[in-house]
Amino acid sequence: MSTDVAVKTEAVLGEGPTWDAGTSTLLWVDVLASQVHRYAPRSGADAVLDVPQHVGAAKPREQGGLVLNLRDGVALVDRDGTRTWLVYWARDGVRGNDAAVDPAGRLWAGTMRYDEARGGGWLARVEPDGAAKVVLGDVTISNGTGWSPGGELMYYVDTPEQRIDVFDYDTATGEATGRRALCAVADTPGKPDGLCVDAEGCVWVALWGGSAVRRYTPDGRLDREIALPVEQPTACCFGGDDFTDLYVTTARTGLSERSLAENPLSGSVLVLPGIGAGVPSFSFTG
């Protein structure tokens, strides 16, 4: 399987790739550089939006613009660049991390402590009108969240737990119940980070520190593992006009000079063309 370079760069902590079908572009963030990127494969351009805080995720809105999971809460960015807070929950030592939009257009926003203290973060469901509810407390590093193609299941990763969890999901109400382990991710030096779900209901997850992405079947069986030329892949999503290309963000933070020399693509956005059949992502309705 060939691995191509979509964006050759040196992101400190590249994260959160999301295909914006409305513009045929890839949204991704450099968390610690406080940057939102928009990559256009047709032209090769990678436009950068600087934001005032560390940004864990950026997702498209139905009406245009973005919703951002920032250090101190969730903010909206309008088409003209105007930023407004939708939810403000600032706490010392805490920042926004990964986020995802569910099939009904709600945002699921995760947080973590900068020092990664156990139980210092949470996962919240944010409605388009700004109403927010903490669904999971005592989270350490809130990461990948995704839904089965029919929307009846929600998948979730709290990275230090070394597993992918699954919930029963009610799209109408946004209630996630019956949390249980889909699979352990313990037979690798890597840790589960960001994830996405393909058209067959299989879960793709990036392995932080594991130099690979994995595909797990809906019953939790390891189906594929694809090695990557980086030590710290962070998250993945399907994109392209036919949703068959898997984009993978990567990071440089914390790597030794030797590791950076051995893995010069660290911090770049990679793409695995034609690897499978993905499904379109959702846009925030707020």
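In what follows, every heavy atom counts, from backbone to side chain, and hydrogens, waters and symmetry copies are set aside.
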Between [X] and [Y], is there a side-chain N and carboxylate O pair less than 4.0 Å apart?
{"X": "D20", "Y": "R38", "result": "yes"}
{"X": "E161", "Y": "R118", "result": "yes"}
{"X": "K133", "Y": "E127", "result": "no"}
{"X": "R163", "Y": "D165", "result": "yes"}
{"X": "D46", "Y": "K8", "result": "no"}
{"X": "R215", "Y": "D198", "result": "yes"}

Where the side chain of [X] meets the backbone of [Y], is there a donor-acceptor pair that is under 3.5 Å apart?
{"X": "Q35", "Y": "V48", "result": "no"}
{"X": "S266", "Y": "N263", "result": "yes"}
{"X": "N97", "Y": "G56", "result": "no"}
{"X": "T111", "Y": "G96", "result": "no"}
{"X": "R113", "Y": "D92", "result": "yes"}
{"X": "S34", "Y": "Q53", "result": "yes"}
{"X": "S148", "Y": "L153", "result": "yes"}
{"X": "D170", "Y": "T173", "result": "yes"}
{"X": "S268", "Y": "T9", "result": "yes"}
{"X": "Q232", "Y": "T253", "result": "yes"}

Residues at least two apart in sequence or cross-chain that pass salt bridge (Lys or Arg N to Asp or Glu O under 4.0 Å) with R83, listed by chain then number, are none
Considering residues at least two apart in sequence or located in another chain, which fulfil the salt bridge (Lys or Arg N to Asp or Glu O under 4.0 Å) criterion with D102?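 By the salt bridge (Lys or Arg N to Asp or Glu O under 4.0 Å) rule, D102 matches R106.
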Test side chain to side chain contact (heavy atoms under 4.5 Å, CB included) on H54 and L32; report intermediate values, then the result. CA-CA 5 Å; H54 290 164; L32 300 180; 3.9 Å; yes
Gap between atom [atom2] of [Y] and atom [atom1] of [X] - 0.5 Å precision:
{"X": "L123", "Y": "D138", "atom1": "CG", "atom2": "CG", "answer": "12.5 Å"}
{"X": "I275", "Y": "T244", "atom1": "CD1", "atom2": "OG1", "answer": "10.0 Å"}
{"X": "E152", "Y": "F167", "atom1": "CD", "atom2": "CZ", "answer": "15.0 Å"}
{"X": "M154", "Y": "R179", "atom1": "CE", "atom2": "CZ", "answer": "8.5 Å"}
{"X": "I226", "Y": "S2", "atom1": "CD1", "atom2": "OG", "answer": "10.0 Å"}
{"X": "D193", "Y": "I141", "atom1": "CG", "atom2": "CD1", "answer": "8.5 Å"}

What I'd like to find out is whether the side chain of [X] reaches to under 4.5 Å of the side chain of [Y], using heavy atoms alone.
{"X": "N143", "Y": "D158", "result": "no"}
{"X": "L182", "Y": "Y155", "result": "yes"}
{"X": "S281", "Y": "C237", "result": "no"}
{"X": "V31", "Y": "V12", "result": "no"}

- [ ] With T3 as reference, evaluate L265, L228, V271, V213 under the side-chain contact (heavy atoms from CB on, under 4.5 Å) test and give the passing residue.
- [x]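 For T3, the side-chain contact (heavy atoms from CB on, under 4.5 Å) test succeeds with only one of L265, L228, V271, V213, which is L228.
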So which of L195, T188, D223 actually passes side-chain contact (heavy atoms from CB on, under 4.5 Å) with R214?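 The side-chain contact (heavy atoms from CB on, under 4.5 Å) with R214 is passed solely by T188 among L195, T188, D223.
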Closest non-hydrogen atom pair, [X] against [Y]:
{"X": "V269", "Y": "W28", "answer": "CG2-CE2, 3.6 Å"}
{"X": "G267", "Y": "T250", "answer": "N-OG1, 2.7 Å"}
{"X": "P103", "Y": "G151", "answer": "CG-CA, 4.3 Å"}
{"X": "F243", "Y": "F238", "answer": "O-CD2, 3.6 Å"}
{"X": "T140", "Y": "G119", "answer": "OG1-N, 3.1 Å"}
{"X": "G278", "Y": "A199", "answer": "O-CB, 4.0 Å"}

Does the plane of the ring in W122 sit parallel, tilted or perpendicular to the ring in W89? Use 30° and 60° as the thresholds.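 Perpendicular: the ring planes of W122 and W89 meet at over 60°.
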(request) Please work out which of the three classes, parallel, tilted or perpendicular, describes the rings of Y39 and Y247, given edges at 30° and 60°. (result) perpendicular
Derivation of the side chain to side chain contact (heavy atoms under 4.5 Å, CB included) call for V279 and V197: CA-CA 8 Å; V279 293; V197 184; 5.7 Å; no
Using a cut-off of 6.0 Å, state whether more than 12 heavy atoms not belonging to D4 lie near its atom CG. yes
- Message: Test side chain to side chain contact (heavy atoms under 4.5 Å, CB included) on L13 and D30; report intermediate values, then the result.
- Response: CA-CA 5 Å; L13 182 53; D30 186 346; 4.2 Å; yes
For the residue pair [Y] / [X], report whether a side-chain donor-acceptor contact shorter than 3.5 Å exists.
{"X": "K191", "Y": "T159", "answer": "no"}
{"X": "W85", "Y": "D72", "answer": "no"}
{"X": "Y156", "Y": "S142", "answer": "yes"}

Check step by step if side chain to side chain contact (heavy atoms under 4.5 Å, CB included) holds for Y88 and L70.
CA-CA 9 Å; Y88 189 78; L70 294 168; over 6 Å; no
Mind running side-chain hydrogen bond (donor to acceptor under 3.5 Å, both in side chains) on T234 and T249 for me, showing each step along the way?
-> CA-CA 6 Å; T234 58; T249 47; 2.7 Å; yes
Exercise for review: Report the C-alpha separation of S283 and E62 in whole Å, then their side-chain angles, then the decisive distance to 0.1 Å, and conclude whether the side-chain hydrogen bond (donor to acceptor under 3.5 Å, both in side chains) test is met.
Suggested key: CA-CA 5 Å; S283 297; E62 278 191 357; over 6 Å; no
Exercise. Taking it one step at a time, do R42 and D241 satisfy salt bridge (Lys or Arg N to Asp or Glu O under 4.0 Å)?
Worked result: CA-CA 11 Å; R42 290 174 184 169; D241 292 336; 2.9 Å; yes
Could you state whether Y169 and I164 fall into the same hydrophobic cluster, counting links through intermediate Ile, Leu, Val, Met, Phe, Trp or Tyr residues with side-chain heavy atoms under 4.5 angstrom apart?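 Cluster IDs for Y169 and I164 differ.
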